[in-house]
Amino acid sequence: MTSTSSGTSPLRVADLGTLAVMAFSGEAPDGDMPYLLAYSLGDGAGGPEGSAAAVRQLLVDNGLPVGDTLIDGSRQPGLPLTLLVEAGQAVVSMPYLNARCVAPREWLAAVAERGYAYFLFATRAWPVARPGKPVAPEDLTAFAGDEETLLSASHVLLPARTPRA
């Protein structure tokens, strides 16, 4: 019996590096949009390039396309990605990622209004944004709004759940 290889190697968690999630809100034509940005610091075993490749594999393995496709998580009940909002925090879970971050008051109001957050998982490493440290708004805009970041990321409208839901 012969078997063929898909050409992908198994994900090595050490290659992901430190993964982080940041909550912020921004103006949109129909009101404030709550955003969640997930990224690697690029400190995995293979450096920033290795971390980017590992994050890309993680996303693809979980059915999250990379590029300019926007997934509506409310229409994908089997999506292995969840958002729980509790006690002023956003909790994002998926295989190999369970992150909790303090959410700004504006973000909490926007997610309560909309019922979802725009989740952007960047494959591009962002070593400047250390978990728990403030990020200058211009640094956030430069990274999250950069075409290279946007075109190499997964984009998901992620329904927000609460502990009571």
Item to check | Exam field: side chain Asp43 to backbone Thr18, donor-acceptor pair closer than 3.5 Å | outcome: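 Yes; judged by distance alone, with no hydrogens or angles, the pair exists.
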Item to check | Arg114 side chain vs Gly31 backbone, donor-acceptor pair below 3.5 Å | outcome: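 Checking the backbone N and O of Gly31 against the side chain of Arg114, a donor-acceptor pair under 3.5 Å is found.
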Within the 4.5 Å heavy-atom criterion, are [X] and [Y] side-chain neighbours or not?
| X | Y | result |
| --- | --- | --- |
| Phe24 | Val135 | no |
| Pro163 | Leu84 | yes |
| Asn62 | Leu81 | no |
| Phe143 | Glu148 | no |
| Tyr118 | Leu70 | yes |
| Ser40 | Leu16 | no |
| Glu86 | Val91 | yes |

hydrophobic_cluster_shared for [Y] and [X], side chain cutoff 4.5 Å:
| X | Y | answer |
| --- | --- | --- |
| Val60 | Met94 | yes |
| Ile71 | Phe119 | yes |
| Val92 | Trp126 | no |
| Phe121 | Val21 | yes |
| Leu64 | Leu150 | no |

Distance, nearest 0.5 Å, that separates [atom1] of [X] from [atom2] of [Y]:
| X | Y | atom1 | atom2 | answer |
| --- | --- | --- | --- | --- |
| Gln57 | Arg12 | CD | CZ | 11.0 Å |
| Asp146 | Leu151 | CG | CG | 9.0 Å |
| Leu157 | Gln76 | CG | CD | 11.0 Å |
| Leu79 | Asp72 | CG | CG | 10.0 Å |
| Leu58 | Leu19 | CG | CG | 7.5 Å |
| Leu97 | Leu59 | CG | CG | 9.5 Å |

Next on the checklist: Would you say that more than 12 heavy atoms from the other residues, nucleotides or ligands in this model lie under 6.0 Å from the CD of Gln89, or not?
Outcome noted: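 Yes, the 6.0 Å shell around CD holds more than 12 heavy atoms from other groups.
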Checklist entry - Quick check: are there more than 12 heavy atoms from other residues, nucleotides or ligands sitting under 6.0 Å from CD of Glu138? => result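 More than 12 within 6.0 Å, yes.
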Looking only at heavy atoms, what is the nearest atom pair of [X] and [Y], with distance?
| X | Y | value |
| --- | --- | --- |
| Pro95 | Pro80 | CD-O, 3.4 Å |
| Gly44 | Ser51 | N-OG, 3.3 Å |
| Trp107 | Tyr35 | NE1-O, 2.9 Å |
| Ala122 | Ala153 | CA-CB, 3.9 Å |
| Ala125 | Gly42 | CB-CA, 3.6 Å |
| Val55 | Thr123 | CG1-CA, 3.8 Å |

Checklist entry - Between Arg124 and Ser152, does a side-chain hydrogen bond (donor to acceptor under 3.5 Å, both in side chains) hold up when you go through it step by step? => result CA-CA 7 Å; Arg124 184 175 168 209; Ser152 64; over 6 Å; no
Next on the checklist: Among residues at least two apart in sequence or on other chains, which ones pass salt bridge (charged side-chain N to carboxylate O under 4.0 Å, His left out) with Arg105?
Outcome noted: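 None.
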Checklist entry - What pairs with Asp68 under salt bridge (charged side-chain N to carboxylate O under 4.0 Å, His left out), at least two apart in sequence or on another chain? => result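 By the salt bridge (charged side-chain N to carboxylate O under 4.0 Å, His left out) rule, Asp68 matches no residue at all.
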Next on the checklist: side chain to side chain contact (heavy atoms under 4.5 Å, CB included), that's the test. Do Met22 and Leu140 meet it? Break it down for me.
Outcome noted: CA-CA 10 Å; Met22 174 186 304; Leu140 175 60; 3.8 Å; yes
Checklist entry - Do Glu113 and Asp32 pass the side chain to side chain contact (heavy atoms under 4.5 Å, CB included) test, and can you show the C-alpha distance, the side-chain angles, and the key distance before you say yes or no? => result CA-CA 9 Å; Glu113 176 75 23; Asp32 276 352; over 6 Å; no
Item to check | Passing candidate, side chain to side chain contact (heavy atoms under 4.5 Å, CB included) with Val111, options Leu158, Leu36, Val85 | outcome: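 When side chain to side chain contact (heavy atoms under 4.5 Å, CB included) is applied between Val111 and each of Leu158, Leu36, Val85, only Val85 qualifies.
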